[in-house]
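Reminder, nothing fancy here: chain letters follow the sequence lines and each chain counts from 1. Every heavy atom of this structure was used, including side-chain atoms; hydrogens, water molecules and symmetry mates were not.
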Number of protein chains: 2
Amino acid sequence: MKKPAPNLAPRKPDYEKALRKAGIRVTRPRKVILNILRETEDHPDALEIFRRAEQVDKSISLSTVYRTMKLLEEMGAIHRHAFEGGPSRFEQAGGDHHDHLIDIETGDVIEFRSDRIEQLQQEIARQLGYDIVHHRLELYGRRRRAE
Amino acid sequence: MKKPAPNLAPRKPDYEKALRKAGIRVTRPRKVILNILRETEDHPDALEIFRRAEQVDKSISLSTVYRTMKLLEEMGAIHRHAFEGGPSRFEQAGGDHHDHLIDIETGDVIEFRSDRIEQLQQEIARQLGYDIVHHRLELYGRRRRAE
DNA sequence: AATGCAATTGCAAATCGTTTGCAACTAAGA
DNA sequence: TCTTAGTTGCAAACGATTTGCAATTGCATT
Ligand SMILES: [Mn+2]
Ligand SMILES: [Mn+2]
Ligand SMILES: [Zn+2]
Ligand SMILES: [Zn+2]
């Protein structure tokens with residue numbers, strides 16, 4: 001008797017299945033990196049992913065992390081963010097689209113979504129004779145002092 | 001409706017006066033670079049500014065261009081844009097605030113302004129408990145094919 | 001299970017845009 | 001003119017990322 005997997009938690013896409021489907025080998029380093037990405041809730045950079053990967057498999061190299069990130073990005077499995085001043089940071093794709101507010105003091109990244117803004121962007125591009133392929137909206141701010 | 005065309009074209013501020021006022025020396029290389037920035041209508045990168053500067057003064061170095069750009073940025077005289085995939089590009093400050101649409105095929109940069117979006121950003125940040133210090137809105141698109 | 005081979009790896013070296021150390025030069029006030 | 005701190009050009013250093021290459025490995029094939 002097979003038990004249907006409970007599907008309550010936020011969606012955790014099966015990257016390995018996607019890789020195989022794309023004819024890409026599922027190697028040990030990729031498994032490790034994939035697991036890290038599946039579990040993480042934040043926006044780690046390549047070095048941070050590398051550090052977490054090391055703890056699982058001492059032999060993984062930073063090059064492979066970079067190569068894997070690029071591969072996953074091209075597959076559409078992750079998004080790359082080039083926030084001001086720092087290295088690229090990643091997050092798994094698959095969730096709803098959102099933009100980011102970066103706390104310039106702590107570096108914290110807060111996600112938000114505004115359908116109004118998304119729609120206005122569309123209208124602006126259209127008026128200029130363009131179709132938007134993708135966009136980038138980042139708010140850099142500091143916590144408002146409670147007074 | 002956003003109709004009235006904003007004054008996106010910057011005036012021609014007197015940078016040299018501003019520099020002297022800030023106790024910064026007005027040297028030959030700086031004069032050359034400043035003139036280029038005052039005249040340009042586009043968003044050149046450091047290398048492009050260097051090339052244009054060379055034509056006026058053969059002895060100028062790329063380092064000095066970079067140093068000058070950083071100086072002017074810190075003074076608030078120019079804005080630096082880190083569009084996707086390329087080196088930083090600059091434009092003189094002083095015009096009205098605007099954001100950019102980048103033609104992903106030609107690299108063209110089109111300026112636009114949406115007070116509605118600006119205001120929505122404010123509201124979003126406020127709701128999240130933040131004050132916006134600055135932001136970045138870039139639309140990447142391709143020209144809609146007229147058929 | 002053993003074979004064959006292209007895909008993938010770790011490593012080091014290379015790349016790119018940008019910054020920096022330093023000795024020579026120079027703007028600008030006295 | 002003198003003085004000196006600010007500025008320069010040059011080359012080397014930089015940080016993030018990419019790449020060449022020989023060794024290794026996934027996996028389709030026997
Ligand atoms: Mn996010
Ligand atoms: Mn502009
Ligand atoms: Zn968005
Ligand atoms: Zn704006």
Side-chain angles (χ1 to χ4, degrees), chain A residues 15-36 43-75 77-90 107, chain B residues 15-36 43-75 77-90 107:
Chain A
Y15 287 133
E16 297 190 16
K17 176 181 278 181
L19 282 175
R20 287 211 168 80
K21 198 162 195 170
I24 291 169
R25 289 186 185 171
V26 179
T27 63
R28 174 131 176 71
R30 281 178 183 158
K31 278 182 192 164
V32 173
I33 293 170
L34 254 15
N35 278 333
I36 289 169
H43 301 75
D45 61 31
L47 192 55
E48 174 59 25
I49 293 169
F50 170 64
R51 289 206 193 92
R52 297 182 194 174
E54 274 186 307
Q55 297 173 213
V56 181
D57 179 347
K58 201 59 70 180
S59 76
I60 282 180
S61 77
L62 182 54
S63 304
T64 293
V65 173
Y66 276 113
R67 277 190 281 236
T68 302
M69 300 324 286
K70 175 175 269 196
L71 180 82
L72 295 176
E73 188 186 6
E74 284 162 358
M75 291 180 57
I78 64 172
H79 293 307
R80 172 193 303 262
H81 302 294
F83 298 138
E84 263 186 20
S88 291
R89 299 172 65 165
F90 307 89
Chain B
Y15 287 134
E16 297 189 15
K17 177 181 276 182
L19 283 175
R20 286 210 170 80
K21 197 163 195 170
I24 291 170
R25 289 187 187 171
V26 179
T27 64
R28 174 134 176 69
R30 281 177 184 159
K31 279 181 192 164
V32 174
I33 293 171
L34 254 15
N35 279 333
I36 290 169
H43 301 74
D45 60 31
L47 192 54
E48 174 60 25
I49 292 169
F50 170 63
R51 289 206 192 93
R52 297 182 194 175
E54 273 186 308
Q55 297 174 213
V56 180
D57 180 347
K58 201 58 71 180
S59 76
I60 283 180
S61 76
L62 182 54
S63 304
T64 294
V65 173
Y66 276 113
R67 276 190 282 235
T68 302
M69 301 324 286
K70 176 175 267 194
L71 180 82
L72 295 176
E73 187 187 5
E74 283 162 0
M75 292 180 57
I78 64 172
H79 293 307
R80 172 192 302 262
H81 302 294
F83 298 137
E84 263 188 19
S88 291
R89 299 172 65 167
F90 307 88

Interatomic distance where CZ belongs to Phe50(A) and C1' belongs to dG10(C) [whole Å]: 10 Å
Reading 5' to 3' through nucleotides 14-19 of chain D, protein heavy-atom contacts under 4.0 Å coded B for base, S for sugar-phosphate only, - for none: --SBBB
Arg25(A) CZ - dT24(D) P separation (whole Å): 16 Å
Test log, rule side-chain contact (heavy atoms from CB on, under 4.5 Å), inputs Met69(B) and Ile33(B): CA-CA 9 Å; Met69(B) 301 324 286; Ile33(B) 293 171; 4.3 Å; yes
Donor-acceptor pair, side chain of Arg80(A) and main chain of Ser88(A), under 3.5 angstrom: no
Approximate separation, where rounding is to 0.5 Å, of Leu72(A) CG and Lys70(A) NZ: 12.5 Å
Protein-nucleotide distance (Glu84(B), atom CD; dG17(C), atom P), rounded to Å: 16 Å
Parallel, tilted or perpendicular: ring planes of His81(B) versus His79(B), cut at 30 and 60 degrees: tilted
Ile36(A) side, atom CD1; Phe90(A) side, atom CZ - distance, nearest 0.5 Å: 13.0 Å
Between C1' of dC25(C) and CG of Asp57(B), the distance in whole Å: 14 Å
His43(B) versus Arg89(B), closest heavy-atom pair with distance: O-NE, 2.7 Å
Criterion side-chain contact (heavy atoms from CB on, under 4.5 Å) on Arg67(B) and Leu71(B), from CA distance to verdict: CA-CA 6 Å; Arg67(B) 276 190 282 235; Leu71(B) 180 82; over 6 Å; no
Length of the CD1-P vector between Ile60(B) and dT7(D), whole Å: 15 Å
Name the pairs: protein N/O against N/O of nucleotides 28-30 of chain D, kept only if under 3.5 Å.
none

Distance in angstrom units between Arg30(B) CZ and dT8(D) C1', rounded: 9 Å
Distance, rounded to the nearest Å, where Arg28(A) contributes CZ and dC27(D) contributes P: 14 Å
Separation of dT8(D) C1' from Lys31(B) NZ (nearest whole Å): 15 Å
Thr27(B) side-chain proximity, nearest of dT7(D), dG10(C), dT25(D): dT7(D)
List the atom pairs, donor and acceptor, that lie under 3.5 Å between side-chain atoms in residues 45-54 of chain B and the rest of the protein, sequence neighbours left out.
residue  : atom : partner  : partner atom : Å
Asp45(B) : OD1  : Leu47(B) : N            : 3.1
Asp45(B) : OD1  : Glu48(B) : N            : 2.8
Glu48(B) : OE2  : Arg52(B) : NE           : 2.7
Glu48(B) : OE2  : Arg52(B) : NH2          : 3.3
Arg52(B) : NH1  : Thr40(B) : OG1          : 2.9
Arg52(B) : NH2  : Asp42(B) : OD2          : 3.1

